[in-house]
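Everything quoted here is computed from the prediction, not taken from an experiment.
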Amino acid sequence: RVNSGDIRREMYLDPEHDYICVRWIWWKRRAGQWEQEREYEYSALTRLPAGPWYAQRRILVTYPDPDRGTVRGGANWNIDVQPLEEDDFPPDAFDSQKLTEGAKLETY
């Protein structure tokens, strides 16, 4: 938990999955009361071949804020990580000389 004046953040970590964050709640103090501002939930935890865990699904819920005129909302994300093998990505893909070959500098 992190507190900073009128803002508070709570992170819930999963110790069985290398302490990856599975829930993150944002709080804001309004008129002396703590109210939820937003909440992220991370699920469908998957392990990459190299070892780190990541969440394949993230859900965001936002809560009404009368001061800002916002209403309850949300969003869903689905995340699919595909690790590249050495042969999948040409080593000179970001070769600066190759990328700028024939480029012209123009000023206005």
Side-chain angles (χ1 to χ4, degrees):
R1 179 181 287 175
V2 176
N3 288 336
S4 176
D6 290 338
I7 297 172
R8 184 170 78 194
R9 305 287 186 256
E10 293 178 5
M11 291 184 88
Y12 295 83
L13 308 176
D14 184 344
E16 293 181 15
H17 296 95
D18 295 334
Y19 294 91
I20 189 172
C21 179
V22 292
R23 193 169 180 203
W24 190 17
I25 303 174
W26 295 28
W27 298 85
K28 186 173 185 176
R29 192 183 341 235
R30 292 189 190 104
Q33 299 288 345
W34 285 106
E35 295 180 9
Q36 272 187 277
E37 185 177 27
R38 66 181 57 198
E39 180 176 346
Y40 295 93
E41 183 180 313
Y42 303 90
S43 61
L45 303 180
T46 303
R47 188 172 220 158
L48 292 170
W53 289 90
Y54 75 97
Q56 289 187 306
R57 185 158 172 77
R58 180 174 85 165
I59 299 171
L60 164 64
V61 176
T62 56
Y63 295 93
D65 183 344
D67 297 339
R68 293 177 40 207
T70 60
V71 297
R72 185 180 173 108
N76 296 317
W77 289 268
N78 293 307
I79 303 159
D80 183 25
V81 176
Q82 297 292 321
L84 297 174
E85 299 295 328
E86 191 172 329
D87 294 338
D88 295 336
F89 201 72
D92 63 345
F94 291 106
D95 177 353
S96 62
Q97 286 196 330
K98 183 179 175 184
L99 288 171
T100 57
E101 188 175 298
K104 296 178 185 176
L105 176 64
E106 296 182 14
T107 59
Y108 298 93

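- Other residues sharing a hydrophobic cluster with L105 under the 4.5 Å side-chain heavy-atom criterion for ILVMFWY residues do not exist; the residue is a singleton.
- Within the structure, the salt bridge (charged side-chain N to carboxylate O under 4.0 Å, His left out) test picks out the following pairs touching residues 39-62 (sequence neighbours left out): D18-R47, R23-E39.
- Heavy atoms only, all atoms of each residue included: G74 and T62 are closest at N-OG1, 4.0 Å.
- Residues P83 and V81 come closest through the heavy atom pair CD-O, 3.6 Å.
- Grouped with Y63 in one hydrophobic cluster are I59, V61, the linkage being side-chain heavy-atom contacts under 4.5 Å among Ile, Leu, Val, Met, Phe, Trp and Tyr residues.
- The salt bridge (Lys or Arg N to Asp or Glu O under 4.0 Å) test applied to E35 returns R30, not counting sequence neighbours.
- A distance of 15.0 Å separates NZ in K28 from CD in Q33, rounded to the nearest 0.5 Å.
- By the rule that hydrophobic residues join a cluster once side-chain heavy atoms approach within less than 4.5 Å of another member, M11 and I20 end up as members of separate clusters.
- The side chain to side chain donor-acceptor pair (under 3.5 Å) search around T46 returns Q56, not counting sequence neighbours.
- By the side chain to side chain donor-acceptor pair (under 3.5 Å) test, Y19 is found to be paired with no residue, residues two or more places apart in sequence or in another chain being considered.
- Counting heavy atoms from C-beta outward, W26 and I7 have side chains that stay 4.5 Å or more apart.
- Residues passing the side chain to side chain donor-acceptor pair (under 3.5 Å) test with Y42, sequence neighbours excluded: none.
- Taking the ring-ring contact (aromatic ring centres under 6.0 Å, His included) definition, one finds that W34 meets it with nothing, sequence neighbours left out.
- Looking at residues two or more places apart in sequence or on another chain, you find no ring-ring contact (aromatic ring centres under 6.0 Å, His included) involving W27.
- Cluster annotation: Y12 and W53 are assigned to the same hydrophobic cluster (Ile/Leu/Val/Met/Phe/Trp/Tyr, side-chain heavy-atom contacts under 4.5 Å, transitive).
- In D88, the CG atom is crowded: over 12 heavy atoms of neighbouring residues, nucleotides or ligands sit closer than 6.0 Å.
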**Study point:** CA sep, side-chain torsions, deciding dist, call: E37, R9, side chain to side chain contact (heavy atoms under 4.5 Å, CB included)
**Key:** CA-CA 10 Å; E37 185 177 27; R9 305 287 186 256; 4.1 Å; yes

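- Residues that satisfy the salt bridge (Lys or Arg N to Asp or Glu O under 4.0 Å) test with R29, not counting sequence neighbours, are D6.
- By the side chain to side chain donor-acceptor pair (under 3.5 Å) test, Q82 pairs with D80, sequence neighbours left out.
- Annotation for I79 and Y54: closest pair O-CE1, 3.9 Å, computed over non-hydrogen atoms.
- For residues 95-108, every residue pair satisfying the salt bridge (charged side-chain N to carboxylate O under 4.0 Å, His left out) rule, not counting sequence neighbours, is listed here: D92-K98.
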